[in-house]
Amino acid sequence: MKVPKKVPGSQINTLTDSLARAATVQNTGLRFLDRRERPTWLEWAEVYERALIVAGGLKARDLRRGAAVGLLYPTGEEFFSAFFGTLLAGAVPVPLYPPVRLGRIGGYQDRTARMLLAARIELTLVDRRVRDLVAVALEKASCQGLTLSELPKNGPVCEKIDGEDLALVQFSSGTTVEPKPVALSHRAVMAQIQALNDFWPDGDTHHHTGASWLPLYHDMGLIGCVLPVLERPSELTLIPPEVFVARPAHWLRAISQYEATVSPAPNFAYGLCLERIRDEELAGVDLSSWRVALNGAESIAPAVARAFCKRFARWGFRREAMTPVYGLSEAALAVTFSPIAEPFETKKVAREPLRKKGEAVLDEDGMELISVGKPMPGFAVEIRNPEGDRLPEARVGSIWVKGPSLMKGYLYQPEATSEVMPNGRLDTGDLGFMLEGKLFVTGRAKDVLIVRGQNHAPEEIESVVNALPGVRAGCCAVVGYLPEGEAEERVVLFVERESRTNGTGSAGIAAMSAKEVLALTGISLDRVEVLKPGAIPRTSSGKIRRAETLHRFLSGDLRTSNPFTPRRMIRADRGSAKESYRLKLDS
C-alpha cells in the first residue's frame with residue numbers, strides 16, 4: 001500500500017501528522033531487542049501502514065469518535081499498531097500496564113478494572129499472550145477485549161484530527177493515591193516532544209538516536225522516548241522492561257552497540273546497574289555515544305548518580321551525561337532540565353532550618369540535594385505556601401507549574417481537576433525550593449512525616465539509609481502510622497537488602513540504619529523491616545508506594561528476610577510471623 005506523504009510546509013500539530021511525515025523518511029523507525037538481544041527492525045512507514053488497517057477495523061465496529069480504547073500490550077510491534085491505529089480511527093488510546101507478576105494477579109485484576117472504569121473504556125485491544133490473564137479485569141469493568149486479528153477486515157482509514165483532540169490518556173503513577181486518568185491533547189503532547197527535541201545537544205535531533213527499556217504505558221517511555229524520534233524521524237532501540245530488570249547489562253550493551261545518544265531512566269535503574277552488572281558483562285562496551293542520561297520520575301539520590309558515573313567511566317560514560325530532570329504525568333512529562341553536557345549539581349542544606357522553618361540554608365554538613373535544573377522554555381515554576389502566596393528563593397513550599405503541555409484535566413473528574421489546576425496552573429503535589437533559578441525537590445506533600453510535632457520529609461531519612469552498605473540503592477521506604485489505641489505515631493523503615501550482601505547481614509543493616517537515621521536526623525525509628533529484594537511495592541513506573549508498603553505490612557502480606565535478632569539495639573518482636581523489630585536506642 002502506498003503511504004500518503006505530507007504536503008511540504010504543512011503544519012505538524014498532531015501525532016498522526018507526525019507519523020505520516022515520519023513514514024516518508026527512510027531508515028528511521030523502531031528496533032526491538034528480545035531476551036537474546038536479537039533485533040527486529042520496524043520502519044515508521046510500516047508502523048503507519050499497519051495502523052491504517054487497525055483504524056479501518058475499529059471504524060468497522062462503529063467506534064465513536066473520541067471513545068477511549070484501552071491498550072494492554074508488552075513492549076512489541078503490536079503496541080504501535082494499536083496505539084496509532086486508535087488515533088487514526090479518531091479515538092483515544094489509553095495504555096495500561098500488562099500483568100507481570102503472576103503471584104499478585106488478584107491485585108492486578110482489581111487495579112486494572114478500576115482504571116478501565118475510571119476512563120470509561122468499553123473496548124480494550126489486548127495482546128493474545130496476556131488475554132487470559134486480564135479476562136477477570138475486563139469482566140469486572142464490563143469491557144470487551146479483542147486482539148488485533150479479531151478486528152473486522154476493512155480498508156485503511158485516516159480520520160481528520162485536530163490539535164485540541166485528545167492524543168492519549170495516561171494514568172498518573174500516584175504513590176499515595178489511586179492513579180488518575182490524565183487527559184492530554186495533541187497540542188500538549190506535541191509541545192512537550194518539540195521542547196524535548198529542541199533540548200538535545202547541538203539542536204540537531206536528526207543525529208540523535210535513542211535506547212530505552214522503559215514501559216510504553218508510562219510517560220517517560222512513550223512521550224519521552226518514542227514520540228521524540230517520531231517527531232524528528234530517527235531510530236529508537238527498545239528493550240522489554242522485564243528483560244532489563246533481569247539483566248540490566250542488556251541496556252548498556254544496547255546503548256553501545258547502536259550508539260544511542262539519549263537514554264533516560266529513573267534513579268532505581270542506575271542503582272540496579274551498580275548492583276547487578278558484572279564487569280565481564282560489559283566486554284567491548286563503549287558508552288561514549290551516550291550524551292544524555294536523563295534521571296527522573298522519582299527521587300534522585302546524589303550518591304547513586306555519582307557512583308554510576310564513577311563505576312562506568314571506564315567504559316566511556318561521562319559524568320556530564322548524567323542529567324537530573326523533573327516532571328510529572330499531568331505536564332505530559334518534563335518541566336525542568338539540568339544543563340545538557342554539564343556535570344550535575346548538588347547543594348547541602350542544614351536539616352533543622354529546612355525541617356522547622358522550611359528554609360534552605362547552605363551547610364557543608366547538611367543534607368545533600370540534587371538540582372533538577374531550570375524550567376524548560378515556555379514553562380514557569382513557582383513555589384507557594386499553603387495560602388497560595390509565592391515564596392522567595394531558598395524557601396520550601398508547593399511546586400506549581402505553568403506550561404504548554406499541561407493536561408486538559410483528569411478524564412471525567414472535574415472536581416479533582418479544579419482542585420489541582422486553578423487558573424491554568426498545576427499544583428504538582430510536590431515540595432521544593434528554588435535556588436539560583438534552579439529547582440530542588442524535597443518530597444511529596446502527602447508523604448510528610450509528623451514526629452513529635454515536627455515535619456520530616458521521607459526522602460531525608462531514605463537518603464541516609466540508601467548510602468549504607470548492604471542496602472539496595474533506592475529501595476527503602478519510611479512511613480508513619482498511628483496504631484489503634486495508641487496516642488503517638490510510629491515511624492517504620494522498610495529497607496530491601498542487596499541480593500549479595502558482601503558480609504552485611506540483615507541484623508547489621510537494621511542496626512546501621514537506626515543508628516545513622518538517629519545521628520543525622522534525630523529521629524528514633526520504632527521499627528526496621530529488612531526485606532528481600534523486590535519486596536517493596538512500586539507504581540507501574542517504578543516509584544516506591546509508601547502507603548501500599550505500610551498496608552501490606554499491617555496485613556501481614558509483605559515478603560521479609562530470614563529472621564534475625566540484633567543484639568542490644570534491637571529486640572525481636574515475636575508476636576507475629578513477620579520479621580519485625582522494635583528499636584531500643586539510647587538517645
Return a table of donor-acceptor pairs under 3.5 angstrom between the side chains of residues 243-255 and protein atoms on other chains or two or more places apart.
from	atom 1	to	atom 2	distance (Å)
His250	ND1	Arg253	NH2	3.1
His250	NE2	Arg35	O	3.0
Trp251	NE1	Ser263	OG	2.8
Arg253	NE	Glu37	OE1	3.2
Arg253	NE	Glu37	OE2	3.2
Arg253	NH1	Glu281	O	3.0
Arg253	NH2	Glu37	OE2	2.6

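- Inter-residue side-chain proximity for Phe344 and Arg306 is flagged as met; some heavy-atom pair is nearer than 4.5 Å.
- Taking the six-membered ring for Trp and thresholds of 30 and 60 degrees, Tyr217 and Tyr97 have ring planes inclined between 30 and 60 degrees apart.
- A salt bridge is defined here as a Lys NZ or Arg NE, NH1 or NH2 lying under 4.0 Å from an Asp or Glu carboxylate O, and Arg351 with Asp363 fails to meet this definition.
- In this structure, Val292 and Ile340 approach most closely via the heavy-atom pair CG1-CD1, 3.9 Å.
- Of all non-hydrogen atoms in Met322 and Phe317, the two that sit nearest each other are N-CZ, 4.0 Å.
- A 6.0 Å sphere centred on CD of Glu259 holds no more than 12 heavy atoms belonging to other residues, nucleotides or ligands.
- In this structure, the side-chain hydrogen bond (donor to acceptor under 3.5 Å, both in side chains) partners of Ser405, at least two apart in sequence or on a different chain, are Gln192.
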Inset, instruction - Give the intermediate values and the outcome of side-chain contact (heavy atoms from CB on, under 4.5 Å) for residues Val491 and Leu525. - result: CA-CA 5 Å; Val491 180; Leu525 299 172; 3.6 Å; yes
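- Not counting sequence neighbours, Asp365 has no partner by the side-chain hydrogen bond (donor to acceptor under 3.5 Å, both in side chains) test.
- Considering only residues two or more places apart in sequence or on other chains, Cys475 meets the side chain to side chain contact (heavy atoms under 4.5 Å, CB included) condition with Arg472, Glu496, Arg538.
- To the nearest 0.5 angstrom, Asp427 atom CG is 11.0 Å from Met421 atom CE.
- Interatomic distance, Cys476 SG to Arg497 CZ, rounded to the nearest 0.5 Å: 15.5 Å.
- Counting only distance, with no hydrogens or angles, the side chain of Ser338 and the backbone of Val325 share no donor-acceptor pair below 3.5 Å.
- Put simply, CD1 on Ile536 and CZ on Phe553 are 12.5 Å apart, with the number rounded to the nearest 0.5 Å.
- Residues satisfying the side-chain hydrogen bond (donor to acceptor under 3.5 Å, both in side chains) criterion with Glu462, sequence neighbours excluded, are Arg546.
- Between the side chain of Ser398 and the backbone N or O of Pro386 there is no donor-acceptor pair closer than 3.5 Å.
- Of all heavy-atom pairs spanning Leu282 and Trp315, the tightest one is O-NE1, 3.3 Å.
- Contact detail for Ala535 and Arg552: the closest heavy-atom pair is O-NH1, 4.5 Å.
- With sequence neighbours left out, Glu382 forms a side chain to side chain contact (heavy atoms under 4.5 Å, CB included) with Arg384, Arg390, Trp400, Arg425.
- Nearest approach of Ile509 to Val530, heavy atoms of both residues: CG2-CG2, 4.3 Å.
- How far OG of Ser172 is from OH of Tyr410: 5.5 Å, rounded to the nearest 0.5 Å.
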Inset, instruction - Quick one: do Asn295 and Thr323 satisfy side-chain contact (heavy atoms from CB on, under 4.5 Å)? Show the steps, please. - result: CA-CA 6 Å; Asn295 189 341; Thr323 308; over 6 Å; no
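- Between the side chain of Thr261 and the backbone N or O of His208 there is no donor-acceptor pair closer than 3.5 Å.
- Atom-to-atom distance recorded for Glu529:CD and Leu550:CG is 10.5 Å, nearest 0.5 angstrom.
- Nearest heavy-atom pair, Ala334 versus Leu196, reported as atom, atom and distance to 0.1 Å: CB-CD2, 4.1 Å.
- Partners of Thr237 by side-chain hydrogen bond (donor to acceptor under 3.5 Å, both in side chains), not counting sequence neighbours, listed by chain and number: Arg31.
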Inset, instruction - Step by step, work out the side-chain contact (heavy atoms from CB on, under 4.5 Å) result for Leu227 and Val189. - result: CA-CA 9 Å; Leu227 299 185; Val189 174; 3.6 Å; yes
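- Side-chain contact between Leu184 and Ile223 is present, with heavy atoms from C-beta onward closer than 4.5 Å.
- The salt bridge (Lys or Arg N to Asp or Glu O under 4.0 Å) test applied to Asp389 returns no partner, not counting sequence neighbours.
- Interatomic distance, Phe308 CZ to Leu272 CG, rounded to the nearest 0.5 Å: 11.0 Å.
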Can you give each donor-acceptor pair under 3.5 Å made by side-chain atoms of residues 429-440, sequence neighbours left out, with the distance rounded to 0.1 Å?
from	atom 1	to	atom 2	distance (Å)
Asp430	OD1	Arg444	NH1	3.1
Asp430	OD2	Tyr326	OH	2.6
Lys438	NZ	Glu345	OE1	2.5

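- At distances below 3.5 Å, not a single donor-acceptor pair connects side-chain atoms of Glu368 with backbone N or O atoms of Lys347.
- Residues Ile383 and Arg395 form no side-chain contact, since every pair of their non-hydrogen atoms from C-beta on lies 4.5 Å or further apart.
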Inset, instruction - Decide side-chain contact (heavy atoms from CB on, under 4.5 Å) for Val335 and Val381; before the verdict, give the C-alpha distance in whole Å, the side-chain angles of both, and the deciding distance to 0.1 Å. - result: CA-CA 8 Å; Val335 172; Val381 174; 3.7 Å; yes
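- The side-chain heavy atoms of Leu236 and Cys225, taken from C-beta on, include a pair separated by under 4.5 Å.
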Show me the donor-acceptor pairs, under 3.5 Å and distance only, between side chains in residues 369-379 and residues at least two apart or in other chains.
from	atom 1	to	atom 2	distance (Å)
Ser371	OG	Gly373	N	3.1

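- For Glu280, the side chain to side chain contact (heavy atoms under 4.5 Å, CB included) criterion is met by Arg278, not counting sequence neighbours.
- Considering only heavy atoms from C-beta on, Val528 stays 4.5 Å or farther from Phe494 through its side chain.
- Leu406 places a side-chain heavy atom less than 4.5 Å from the side chain of Val401.
- Around atom CG of Asp279, more than 12 heavy atoms belonging to other residues, nucleotides or ligands sit under 6.0 Å away.
- Side-chain contact between Glu330 and Lys180 is absent, with no heavy-atom pair separated by less than 4.5 Å.
- A donor-acceptor pair under 3.5 Å is absent between the side-chain atoms of Ser212 and the main chain of Gly221, judged by distance alone.
- Between Lys348 and Met367 the shortest side-chain heavy-atom distance does not fall below 4.5 Å.
- In this structure Glu342 satisfies the side chain to side chain contact (heavy atoms under 4.5 Å, CB included) test together with Pro339, sequence neighbours excluded.
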